[in-house]
Undergrad: 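Shown below is the structure under consideration.
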Number of protein chains: 2
Amino acid sequence: MRVGELSRRSGVSVASIKYYLREGLLPPGERTSPNQASYDEGHVHRLRMVRALIDVGGLTVAATRSVLAAVDDPEVPLHEALGRASATTPAPGGGGGDADDEAHADAQRALADLVAQRGWRVGPRNPAWDTAVEVLATYTRLGDDDLARQLELYAEAMEGVARREVAAVVDRGDRARTVEGAVVGTVLGDTLLAALRRLAQEHCSAQLLERAEGRAQG
Amino acid sequence: MRVGELSRRSGVSVASIKYYLREGLLPPGERTSPNQASYDEGHVHRLRMVRALIDVGGLTVAATRSVLAAVDDPEVPLHEALGRASATTPAPGGGGGDADDEAHADAQRALADLVAQRGWRVGPRNPAWDTAVEVLATYTRLGDDDLARQLELYAEAMEGVARREVAAVVDRGDRARTVEGAVVGTVLGDTLLAALRRLAQEHCSAQLLERAEGRAQG
DNA sequence: ATAAGTGGACAGTACTACTATCCGAGGCGG
DNA sequence: CCGCCTCGGATAGTAGTACTGTCCACTTAT
């Protein structure tokens, strides 16, 4: 098929398809003449992936390219592909004014303790490490420590989720499908988990409010 | 204090402080003369909140303003303030090409089933609902259904997290501190949960790989 | 033959989050 | 009281992101 049909099939405008081709998110079609090319079902699928990662997962075009390149490259290990999905890496340097480094050091220690306690084997090069430290440090800088106290709860919940996810993803066919499924599941999973958390929070707060009113009235 | 000191105390440039004042993220200082104003500790705290929500939580300036306005306004219920934090709302219309509405309707049904099964009392106006539906629909459009199969697992994990969070946040002093803590905890919590999930995934996949190699060798 | 579609290049757009510059009006040491 | 710094406020400019529009020579379908 040519670009017009690809556009119709995927719901992405021709102009955007050309943009994605330029940016390397979409591999070029097979040349049928010096200035004609044809695209296949793989391109349709890839376009859907691109839109999913950008629109639903909230990745930037640059992060999407990096992730897809990792999925394509059999050399890149799975967890590095996942690491590349973290487009929203908070800048490690220069933030606060008062007790900046102190909060950061405390956070570093708290996370190291948590990881040691749970027996997690994680490399320090995982960008998620720095992200987690930065969040913890930010929280203590704001003067609240509820989140820090719930760190263990969060870690336990995420370990349970991750264990089942990893188990579900390993026994697919080939490596490409496994990695692709893991990446999409992780990126879209972030969004889904956040949404479900909002829903659960509303339910729980409503429940708590009802109970409080019930106590007050009866 | 005047703007120069506020800048030094918060680590935010004077130019950015002026920008936040213009955009209504930061309330104006108290006028001491027709063209002089003084700022207090509240402004320092507010600035830290703003930077936390924008830099770490990934909110846009517009979303941050909306959230902070909700925190300030005693009329706005807590869960609406939380709802406003969802800056990355995927556009509900126009996405796919092939079986768009079908996937969407299926996702709608799956989520409604889940909510009914868990007994969650949530209003349909919660924007997280549409986000969750969109993620589910996107996932099935991509041809994978692992994520959909793990929906219950995700919901259970998030209910556990939300229950403890809500319990931890209700018994603070005044309403303003409660709502503020809930908002910050929810927004930063998204980032933290995502980071911990990446860490846990790396751990679990490494563990699984080791076990597989152990089986292969011994 | 002719109209529509194509690949490729490149300029332009809309939006976001600042950043820089200018201005006239205080504030503050000498 | 002078000079210099800083202030607040307004306006314009910048850098980055994700497209979008236009143009062109060339193919392809009718």
Side-chain angles (χ1 to χ4, degrees), chain A residues 1-40 43 47 49-68 86-91 94-95, chain B residues 1-40 43 46-47 49-68 87-91 94-95:
Chain A
M1 83 189 76
R2 293 190 303 169
V3 85
E5 192 180 342
L6 181 59
S7 170
R8 248 169 288 120
R9 292 279 306 278
S10 63
V12 178
S13 74
V14 172
S16 293
I17 291 174
K18 286 182 175 189
Y19 172 63
Y20 293 148
L21 285 166
R22 275 201 305 282
E23 292 297 314
L25 302 196
L26 194 64
E30 197 186 350
R31 303 286 140 65
T32 60
S33 78
N35 65 344
Q36 294 286 297
S38 87
Y39 307 91
D40 57 21
H43 288 91
L47 266 178
M49 285 266 292
V50 167
R51 295 319 288 241
L53 295 178
I54 289 175
D55 293 344
V56 183
L59 298 197
T60 63
V61 166
T64 305
R65 172 177 44 227
S66 174
V67 165
L68 290 176
S86 307
T88 56
T89 311
Chain B
M1 84 188 78
R2 294 188 300 173
V3 86
E5 193 181 341
L6 180 59
S7 169
R8 247 169 290 121
R9 292 279 306 278
S10 63
V12 178
S13 75
V14 172
S16 293
I17 292 174
K18 286 182 174 187
Y19 172 63
Y20 294 149
L21 285 165
R22 274 201 306 282
E23 293 296 315
L25 303 195
L26 195 63
E30 198 187 348
R31 302 287 139 66
T32 60
S33 78
N35 64 345
Q36 295 284 297
S38 86
Y39 307 91
D40 57 22
H43 288 91
R46 183 65 164 243
L47 264 177
M49 286 266 292
V50 168
R51 294 320 287 243
L53 295 177
I54 290 176
D55 292 344
V56 183
L59 299 197
T60 63
V61 166
T64 304
R65 173 177 45 228
S66 173
V67 164
L68 290 176
T88 54
T89 310

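Throughout, protein chains are lettered first and strands after them, A, B, ... in sequence-line order, and every chain is numbered starting at 1. No experiment lies behind these values; they were computed from the predicted model shown. Values reported hereafter were calculated over all heavy atoms of this structure, with side chains retained and with hydrogens, waters and symmetry mates removed.
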Undergrad: List the steps, then state whether side chain to side chain contact (heavy atoms under 4.5 Å, CB included) holds for B:Val12 with B:Val50.
TA: CA-CA 10 Å; B:Val12 178; B:Val50 168; over 6 Å; no
Undergrad: Shoot me the first and last contacting nucleotide of DNA chain D against chain B, ordered 5' to 3', at under 4.0 angstrom to non-hydrogen atoms.
TA: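 Contact span on the strand: D:dC7 to D:dT11.
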Undergrad: Mind checking the CD1-OH spacing from A:Ile54 to A:Tyr20? Nearest 0.5 Å is all I need.
TA: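 Output value for this atom pair is 4.0 Å.
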Undergrad: Just how far, in rounded Å, is C1' of C:dC18 from CD1 of B:Ile54?
TA: 10 Å
Undergrad: Could you check A:Ser16 against B:Gly4 and say which one's nearest nucleotide on DNA chain D is further toward the 5' end?
TA: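 By nearest-heavy-atom nucleotide position, the 5'-most residue is B:Gly4.
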Undergrad: Under the side-chain hydrogen bond (donor to acceptor under 3.5 Å, both in side chains) rule, what pairs show up with a residue in residues 21-35 of chain B, not counting sequence neighbours?
TA: B:Glu23-B:Arg65
Undergrad: At 4.0 Å (heavy atoms only), tell me whether B:Ala37 reaches a base, stays on the sugar-phosphate, or touches nothing.
TA: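 Contact class for B:Ala37: sugar-phosphate only.
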Undergrad: Over how many whole Å does the gap from A:Arg22 atom CZ to C:dG8 atom C1' extend?
TA: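 From A:Arg22 CZ to C:dG8 C1': 9 Å.
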Undergrad: Rounded to the nearest angstrom, tell me the gap between atom CD1 in A:Ile17 and atom C1' in C:dA9.
TA: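 These atoms are roughly 18 Å apart.
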Undergrad: To the closest 0.5 Å, what do you measure between CG (A:Asp40) and NE2 (A:His43)?
TA: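 Result: 5.5 Å between the selected atoms.
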Undergrad: Distance check needed: C:dT6 C1' versus A:Glu30 CD, whole Å only.
TA: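 Answer to the nearest Å: 17 Å.
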Undergrad: Just report the end-to-end axis angle for the helix from C:dA1-D:dT30 to C:dG30-D:dC1, five pairs per end, to 10 degrees.
TA: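 Result, rounded to 10 degrees: 0°.
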Undergrad: Once rounded to the nearest 0.5 Å, what's the spacing between atom CG of B:Leu25 and atom CZ of B:Arg51?
TA: 10.5 Å
Undergrad: To the closest 0.5 Å, what do you measure between OG (A:Ser16) and CG (A:Leu47)?
TA: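 Going from OG on A:Ser16 over to CG on A:Leu47, the span is 9.5 Å.
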Undergrad: Let me confirm one number: the CG-OG1 distance from B:Asp55 to B:Thr64, rounded to the nearest 0.5 Å.
TA: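 Between atom CG of B:Asp55 and atom OG1 of B:Thr64 there are 9.5 Å.
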Undergrad: Who are the side chain to side chain donor-acceptor pair (under 3.5 Å) partners of B:Ser66, not counting sequence neighbours?
TA: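 If we apply the side chain to side chain donor-acceptor pair (under 3.5 Å) test to B:Ser66, skipping adjacent residues, there are no hits.
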Undergrad: Find the distance between CD (B:Glu5) and CZ (B:Arg2) and round it off to the nearest 0.5 Å.
TA: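 The distance works out to 10.0 Å.
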Undergrad: Starting at the 5' end of DNA chain C and moving along, which residue's nearest nucleotide shows up first, A:Val3 or B:Ala62?
TA: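 Its nearest nucleotide being more 5', the pick is A:Val3.
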Undergrad: What one-letter contact string describes nucleotides 21-27 of chain C from 5' to 3', where B marks a base within less than 4.0 Å of any protein heavy atom, S marks contact via sugar-phosphate atoms alone, and - marks no contact?
TA: ---BSS-
Undergrad: Grab the OH-C1' distance between A:Tyr19 and C:dG8 for me, whole Å please.
TA: 17 Å
Undergrad: Who passes side chain to side chain contact (heavy atoms under 4.5 Å, CB included) against B:Ser7, sequence neighbours left out?
TA: B:Val14, B:Ile17
Undergrad: So which atom in A:Leu6 and which in A:Ser10 form the shortest heavy-atom distance, rounded to 0.1 Å?
TA: O-OG, 2.8 Å
Undergrad: Quick check on C:dA17: is either OP1 or OP2 less than 4.0 Å from any side-chain nitrogen or oxygen of B:Tyr20?
TA: no
